[in-house]
Amino acid sequence: MPELPEVEYAAGILRRAAVGRTIERVRVLHDAQRRHLPNTEARRLEGARILAVERRAKYQLVTTSEGILLVHFRMNGDWHVGRTDTGLPPHARVVFDLDDGSRIALTDSRALGSIARYDSRDDVPLPALGPEATDAAFSASQLREALRTRRGPIKPALLDQRIVAGLGNIYAAEALWNARISPTAVANRLSLARAARLIDGARQALADAHRDPGRYARAESTERLHVYGREGEPCERCRVAIRRIVQAGRSTFYCPRCQRV
DNA sequence: CGTATCCTGACC
DNA sequence: GGTCAGGATACG
């Protein structure tokens, strides 16, 4: 489920459901999760009050009276909000029962996501992150500077959160289609004009998603995507067949005609 | 830079 | 049975 717009949406769900509440019970239901949040850590959270929920890139930071939780959904994570008197949702990995009878569960079929607790904000091991694509201060010259040492293709560089925070595999492809730039273009040879187009393209892709946050949960999942998952379909702009290639082990979809190197 | 890895599930 | 999946990281 999660790229940045989905994480933003999920963080809002969590904030509304949990801020101001006290955690009564924590269960960690999967070995992979237990590595991030051992039972001793989980127990420390019982009785903690949830004070704030913030998002940075695809991370969620949950401030509690007993430390900070660093949450990452990875490929499949999501929050499920329900009641403590009902059954657990499928793939519930970490479950928080709150004092108002509500229940927050991290659901994550692949169990690649994580929740970890740290004593204070300074202890949270957030990696180096570039500016958010949606940050109005993020400029073409900044992007060029960040790409200065990248001699490889632009698309894998866009997935590097140190360059731009928040773009994932889908929106990186969509951003490049919007900007009419080939995913194989050499990153550090991007002109200033193309860097500007790419930022606009990324903002457009994220804005399109923002208008429709629950999209991935529904059947028409790729309905509003221009290239992702559309191998063989005609490009909306030029009708040439969308192509799929693999870069850095990930699928890249693009139009070979209107996305030029 | 690319590749393997952490996991499970869906699909061929 | 094999392949693929929206992420990030440790490695070579």
Side-chain angles (χ1 to χ4, degrees), chain A residues 1-11 28-37 55-60 70-79 89-94 105-116 124-130 132-133 146-177 183-189 202 205-206 208-210 212-232 244-253:
Chain A
M1 139 132 199
E3 282 206 37
L4 188 136
E6 293 77 32
V7 175
E8 175 72 25
Y9 183 69
V28 184
L29 304 173
H30 192 286
D31 283 340
Q33 283 304 331
R34 218 163 277 121
R35 285 203 294 275
H36 304 291
L37 191 70
R55 180 193 62 77
R56 173 71 175 105
K58 296 171 205 164
Y59 295 89
Q60 294 169 79
L70 180 63
V71 180
H72 199 298
F73 284 164
R74 285 302 206 321
M75 298 284 224
N76 293 276
D78 199 4
W79 294 123
H91 312 300
R93 306 306 190 196
V94 181
L106 171 68
T107 58
D108 183 5
S109 60
R110 284 172 77 180
L112 295 174
S114 62
I115 299 179
V124 177
L126 265 188
L129 294 165
E132 308 239 345
L147 293 171
R148 196 169 48 91
T149 61
R150 309 283 297 221
R151 304 158 61 123
I154 182 69
K155 193 267 191 165
L158 286 181
L159 295 180
D160 186 336
Q161 303 295 298
R162 293 169 298 187
I163 307 274
V164 192
L167 283 185
N169 203 36
I170 293 178
Y171 298 129
E174 295 295 308
L176 287 164
W177 186 87
T184 63
V186 175
N188 67 359
R189 295 223 298 248
L206 294 168
D208 288 349
H210 211 76
D212 190 8
R215 166 165 72 188
Y216 288 127
R218 299 199 306 271
E220 68 275 25
S221 60
T222 59
E223 192 170 280
R224 287 159 71 174
L225 301 177
H226 301 296
V227 283
Y228 186 86
R230 295 189 177 278
E231 182 181 18
R244 174 185 178 271
I245 59 174
V246 175
Q247 295 179 293
R250 327 263 332 252
S251 287
T252 299
F253 298 89

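A note on names: the letters A, B, ... follow the listed sequences, proteins ahead of strands, and every chain is numbered from 1.
- Among the atoms of the strands shown, base atoms are found under 4.0 Å from some heavy atom of A/A248.
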Test side chain to side chain contact (heavy atoms under 4.5 Å, CB included) on A/I154 and A/L147 and set out the steps. CA-CA 9 Å; A/I154 182 69; A/L147 293 171; 3.7 Å; yes
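- In this structure the side chain of A/L4 never reaches within 4.5 angstrom of the side chain of A/L167, judged on heavy atoms.
- The separation between A/R162 atom CZ and C/dT9 atom C1' is 10 Å, rounded to whole Å.
- Remark: A/H91 is not in phosphate contact with B/dC7, judged by side-chain N or O atoms under 4.0 Å from OP1 or OP2.
- The side chain of A/R150 approaches B/dC1 more closely than any other nucleotide in the set B/dT8, C/dA5, B/dC1.
- When the C1' atom is compared between B/dC1 and C/dA5, the two are found 23 Å apart, to the nearest whole Å.
- Each of A/D31, A/I115, A/V28, A/D108 was evaluated against A/R93; a single residue qualifies, A/D108, per the side chain to side chain contact (heavy atoms under 4.5 Å, CB included) test.
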In sequence, state the C-alpha distance, the side-chain angles, and the governing distance for A/E132 and A/R55, and then conclude on salt bridge (charged side-chain N to carboxylate O under 4.0 Å, His left out). CA-CA 11 Å; A/E132 308 239 345; A/R55 180 193 62 77; 3.0 Å; yes
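- Taking atom NE2 on A/H36 and atom P on C/dA8, their separation rounds to 13 Å, with Å as the unit.
- Remark: P of B/dG2 and CD1 of A/I154 are 12 Å apart, rounded to the nearest angstrom.
- If you check every strand for non-hydrogen atoms under 4.0 Å, A/Q161 touches sugar and phosphate atoms only.
- Comparing C/dG7, B/dG2, C/dA5 by their nearest atom to the side chain of A/M75 picks out C/dG7.
- In terms of position on DNA chain C, the residue among A/L159 and A/R110 whose nearest nucleotide sits closer to the 5' end is A/R110.
- Rounded to an integer number of Å, the gap from CG of A/L126 to P of C/dT9 is 10 Å.
- Among B/dG2, C/dG7, B/dG9, the nucleotide with an atom closest to any side-chain atom of A/N169 is C/dG7.
- Along DNA chain C, the nucleotide nearest A/Y59 and the nucleotide nearest A/F253 are compared for position; the residue whose nucleotide lies closer to the 5' end is A/F253.
- Across the strands present, B/dC1 finds its partner in C/dG12; the criterion is a Watson-Crick or G-U wobble pair with both atom distances under 3.5 angstrom.
- The phosphate of C/dA5 (OP1 or OP2) has a side-chain N or O of A/S251 nearer than 4.0 angstrom.
- The interatomic distance linking A/K58 (NZ) with C/dT9 (P) rounds to 10 Å, in whole Å.
- With hydrogens and angles ignored, no donor-acceptor pair closer than 3.5 Å exists between the side chain of A/R250 and the base of C/dA5.
- A parallel orientation is assigned to the rings of A/W177 and A/H226, their planes being inclined by less than 30° (bins at 30° and 60°).
- Rounded to the nearest Å, the gap between the P atom of C/dA8 and that of B/dG9 is 22 Å.
- As a whole-Å value, the separation of A/L112 CG from B/dT8 P is 9 Å.
- A close approach under 4.0 Å does occur between a side-chain nitrogen or oxygen of A/H72 and OP1 or OP2 of C/dA8.
- Among the atoms of the strands shown, only primed sugar atoms or phosphate atoms (P, OP1, OP2) are found under 4.0 Å from some heavy atom of A/R35.
- At distances below 3.5 Å, at least one donor-acceptor pair connects side-chain atoms of A/N169 with backbone N or O atoms of A/S251.
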